[in-house]
Amino acid sequence: VQLQASGGGLVQAGDSLRLSCAASGRTFSRYNMGWFRQHPGKEREIVAAISWSGGSTYYADSVKGRFTIARDNARNTVSLQMNSLKPEDTAVYSCAATYSGNYARSNEYDYWGQGTKVTVSS
C-alpha cells in the first residue's frame with residue numbers, strides 16, 4: 001500500500017487542522033492505520049491509531065480529547081482532526097499502515113507515507 005499525507009500548514013495556538021492520508025491499493029480496509037509525528041531532533045512518536053474496521057482507536061495521552069482519528073474504507077482515506085492545537089504539536093506528521101494488531105506500537109508499522117508539516121504558533 002502507498003500512502004500520501006496532506007493537510008499540514010501554519011496555524012495559531014487554539015486553531016484546528018485536519019490531516020488526510022490517501023492510500024492506494026485495494027487492500028486498504030485490511031490495514032490498521034496510524035498517525036505519527038516527529039519533532040525536530042526527537043524520535044518519531046505515535047499520535048493516534050485506528051483498527052481496520054474503525055471500531056477501535058488509540059490516542060497518545062498528549063492528544064486525547066483534542067485529536068480524532070477516523071477512516072473511510074470506501075475512499076481509502078484516514079484522517080486526523082486536530083483541535084485546540086498547541087505549539088508543542090508542531091512536528092512533521094506521517095501516516096502508516098500495519099497488519100499487526102499491536103497498532104499502538106510504532107515499530108509494528110510496515111508502510112509509511114511522506115510527512116506533512118504542522119506548525120503551531122503561540
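Counting from 1, the numbers follow the sequence of the chain as shown.
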* Asked: Quick check: does any side chain N or O of T90 sit under 3.5 Å from a backbone N or O of T119, one acting as donor and the other as acceptor?
  -> no
* Any link between V1 and Y93 through a network of hydrophobic side chains (Ile, Leu, Val, Met, Phe, Trp, Tyr) touching at under 4.5 Å? -> yes
* Are the side chain of Q114 and the backbone N or O of Q4 linked by a donor-acceptor pair below 3.5 Å? -> no
* Give, for atom NZ of K42 and atom CZ of R37, the distance between the pair rounded to the nearest 0.5 Å. => 9.5 Å
* **Hydrophobic cluster membership, V47 vs M33, 4.5 Å side-chain cutoff** => yes
* To do: Have a look at Y109 and tell me which of W35, F36, Y31 forms a ring-ring contact (aromatic ring centres under 6.0 Å, His included) with it.
  => F36
* Quick one: pull up CD1 in I69 and SG in C95 and give me the separation to the nearest 0.5 Å. => 9.5 Å
* OG1 on T77 to CG on D72, rounded to 0.5 Å -> 4.5 Å
* Asked: Rounded to the nearest 0.5 Å, how far does CZ of R75 lie from OG of S20?
  -> 11.0 Å
* To do: List the steps, then state whether side chain to side chain contact (heavy atoms under 4.5 Å, CB included) holds for E45 with H39.
  => CA-CA 9 Å; E45 63 179 6; H39 299 94; 3.2 Å; yes
* Asked: Would you say the side-chain atoms of N102 pair up with the backbone N or O of R105, donor to acceptor, closer than 3.5 Å?
  -> no
* To do: Evaluate the criterion side chain to side chain contact (heavy atoms under 4.5 Å, CB included) for residue pair S79 and R18; output intermediate values, then yes/no.
  => CA-CA 7 Å; S79 63; R18 184 175 183 272; 3.4 Å; yes
* To do: Would you kindly check if the NZ (Lys) or CZ (Arg) of R71 is within the cone defined by 45 degrees around the ring axis of W52 and under 6.0 Å from the six-membered ring centre?
  => no
* Asked: Would you say S122's side chain and P87's backbone share a donor-acceptor pair under 3.5 angstrom?
  -> no
* Can V63 be reached from V78 by stepping across I, L, V, M, F, W or Y side chains whose heavy atoms are under 4.5 Å apart? -> yes
* Structure fact -> Heavy-atom closest pair (G115 atom, S94 atom, distance to 0.1 Å) is CA-OG, 3.5 Å
* To the nearest 0.5 angstrom, please state how far the CZ atom of F28 sits from the CG atom of N73. => 5.5 Å
* Once you round to the nearest 0.5 Å, how far does OG of S62 lie from CZ of F67? -> 7.5 Å
* Would I50 and L3 show up in the same hydrophobic cluster when neighbours are defined by side-chain heavy atoms closer than 4.5 Å? -> yes
* **Note, R30 side chain near Y99 side chain (heavy atom, < 4.5 Å)** => yes
* Quick check: does any side chain N or O of D15 sit under 3.5 Å from a backbone N or O of N83, one acting as donor and the other as acceptor? -> no
* To do: Carefully, step by step, assess T68 and L80 under the rule side chain to side chain contact (heavy atoms under 4.5 Å, CB included).
  => CA-CA 6 Å; T68 303; L80 185 68; over 6 Å; no
* Apply side chain to side chain contact (heavy atoms under 4.5 Å, CB included) to the pair S51 and Y58, showing each step before the final yes or no. => CA-CA 9 Å; S51 64; Y58 167 86; over 6 Å; no
* Can you find a heavy atom in the side chain of W112 that is under 4.5 Å from one in the side chain of Q2? -> no
* Structure fact -> Between G8 and T116 the two heavy atoms that sit nearest each other are N-OG1, 3.0 Å
* Does any non-hydrogen side-chain atom of S16 lie less than 4.5 Å from one of Q81? -> yes
* Considering only heavy atoms from C-beta outward, does the side chain of V118 approach that of L17 to under 4.5 Å? -> yes
* Asked: Do K86 and D89 sit within salt-bridge range, that is, some charged N less than 4.0 Å from a carboxylate O?
  -> no
